[in-house]
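In this text, all values refer to a predicted model and were calculated from it rather than measured experimentally.
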Amino acid sequence: MSLRVLIPPDELAAGVARVAAEISATSEDGVVLVGLLKGSVPFLADLIRRLTVNPIVDFLALSSYAPDTGRVRIVKDIELDILDRDVIVVEDIVDTGLTLTWLRRELAGRRPRSIRACALLDKAARRIVPTPLEYRGFEIGDDFVIGYGLDFAQRYRDLDRVLAADLKVLKADPDAYVPELYVR
Ligand code: IMP
Ligand code: MG
């Protein structure tokens, strides 16, 4: 299977604008957006420029001990004290739900006033652990996706669109799609 554009740039922009309007309508100035590095970066950058409330932005990076186990650890923590703050975790994609479940519990222990989650993409059919997702850009099927922050082996995050890729092709050669995606 080759590549297929799943969400082109104009649809991404419309989805981001819709989520920004939803967050703005339900949040106050000072809402804390916690972006998960690195996949959320393009989404978060576009999102904060569409908000009509003033957010505080911080970042957190997780590393998984073993993929698909939900056993993760924080490799870069947020700098902000979130006690009594309204917090929104911003994710690129929720797949099994294990990461978000773990992170919500971890952040809840710091006694924020509220904690919500926002993801650009939701692979709802793949969920292992049900987890609340208050804001979401798009529900997608069971495809492996790249672009607009999403990577395979750190490639393809810079693409301006979301594409469905063949995971077998990528596992055999992480650079397999470079020639057709990047004009040199
Ligand atoms: P979860 O814990 O299974 O919900 O996984 C969430 C993380 O897995 C995301 O933050 C992504 O880093 C990664 N992930 C899940 N599906 C995809 C995909 O289709 N493309 C790229 N990364 C993905
Ligand atoms: Mg990733």
Side-chain angles (χ1 to χ4, degrees), residues 1-23 33-47 50 59-75 87-108 115-172 174 176-177 181:
M1 186 196 85
S2 69
L3 282 170
R4 177 166 52 95
V5 176
L6 214 56
I7 315 175
D10 60 325
E11 282 178 33
L12 280 170
V16 171
R18 175 172 42 76
V19 172
E22 288 171 16
I23 291 176
L33 301 188
V34 175
L36 251 72
L37 294 173
K38 304 167 208 159
S40 74
V41 167
F43 175 43
L44 185 68
D46 287 343
L47 186 67
R50 303 303 298 256
F59 291 99
L60 191 144
L62 297 174
S63 146
S64 52
Y65 286 114
D68 290 346
T69 60
R71 296 183 57 210
V72 293
R73 68 191 166 90
I74 293 174
V75 294
V87 174
I88 301 179
V89 174
V90 180
E91 264 270 41
D92 51 359
I93 188 167
V94 182
D95 183 19
T96 63
L98 289 164
T99 305
L100 190 55
T101 300
W102 185 89
L103 187 58
R104 281 184 89 116
R105 190 170 304 150
E106 163 65 31
L107 294 179
I115 180 156
R116 290 169 281 172
C118 171
L120 175 73
L121 304 176
D122 180 11
K123 271 194 214 176
R126 294 240 321 153
R127 203 72 89 248
I128 292 173
V129 197
T131 182
L133 186 56
E134 284 80 0
Y135 310 97
R136 98 176 140 183
F138 303 88
E139 182 173 337
I140 62 169
D142 186 8
D143 284 307
F144 187 82
V145 291
I146 55 172
Y148 198 66
L150 293 134
D151 74 304
F152 181 84
Q154 306 303 327
R155 278 91 159 164
Y156 311 110
R157 293 191 199 276
D158 56 315
L159 298 167
D160 65 356
R161 58 214 179 276
V162 173
L163 302 112
D166 188 330
L167 199 50
K168 282 196 294 293
V169 170
L170 285 169
K171 281 178 176 165
Y177 295 122
L181 288 173

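- Here the shortest heavy-atom pairing between Leu100 and Ala117 reads CD2-CB, 3.7 Å.
- Within the 4.5 Å cutoff, the side chain of Tyr156 has heavy atoms near those of the Leu170 side chain.
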Item to complete: Would you sort out whether Arg126 and Thr96 count as a side chain to side chain contact (heavy atoms under 4.5 Å, CB included), showing the intermediate values?
Response: CA-CA 5 Å; Arg126 294 240 321 153; Thr96 63; 4.2 Å; yes

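- You'll find the side chain of Ile93 reaches within 4.5 Å of the side chain of Ile140, heavy atoms only.
- More than 12 heavy-atom neighbours from other residues, nucleotides or ligands sit within 6.0 angstrom of CZ on Arg155.
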Worksheet item: Checking side chain to side chain contact (heavy atoms under 4.5 Å, CB included) for the pair Leu12/Asp46: CA distance, chi angles, key distance, verdict?
Response: CA-CA 10 Å; Leu12 280 170; Asp46 287 343; over 6 Å; no

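- One distance of note links CZ of Arg18 with OH of Tyr135; it measures 13.0 Å at 0.5 Å rounding.
- Contact annotation: the side chain of Leu103 never approaches that of Glu91 to less than 4.5 Å [non-hydrogen atoms, C-beta and beyond].
- If you take CZ on Arg161 and CG on Leu181, they are separated by 6.0 Å, rounding to the nearest 0.5 Å.
- The shortest side-chain heavy-atom distance between Val75 and Leu37 does not fall under the 4.5 Å cut-off.
- Taken from CG in Leu120 to CZ in Arg136, the straight-line distance is 11.5 Å, to the nearest 0.5 Å.
- Each of Ile146, Leu150, Val145 was checked for a side-chain contact (heavy atoms from CB on, under 4.5 Å) with Leu163, and the lone residue meeting it is Ile146.
- Ring geometry, Phe43 versus Tyr148: the interplanar angle falls from 30° to 60°, so the pair is classed tilted.
- Using a 4.5 Å cut-off on side-chain heavy atoms (C-beta onward), Arg4 and Asp143 make contact.
- Between Glu134 and Arg104 a salt bridge is recorded (basic side-chain N to carboxylate O distance below 4.0 Å).
- The closest side-chain heavy-atom distance from Trp102 to Ile74 is below 4.5 Å.
- The closest side-chain heavy-atom distance from Leu47 to Ile23 is below 4.5 Å.
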Item to complete: Step by step, work out the side chain to side chain contact (heavy atoms under 4.5 Å, CB included) result for Asp122 and Arg127.
Response: CA-CA 9 Å; Asp122 180 11; Arg127 203 72 89 248; 2.5 Å; yes

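- For Lys38 and Asp151, the salt-bridge test fails: no basic side-chain N is under 4.0 Å from an acidic carboxylate O.
- Between Leu133 and Thr131 there is no side-chain heavy-atom pair separated by less than 4.5 Å.
- Taking every heavy atom of both residues into account, Pro42 and Arg157 meet most closely at CG-O, 4.2 Å.
- Exactly one residue among Val90, Leu36, Leu44 makes a side-chain contact (heavy atoms from CB on, under 4.5 Å) with Phe59. That residue is Leu44.
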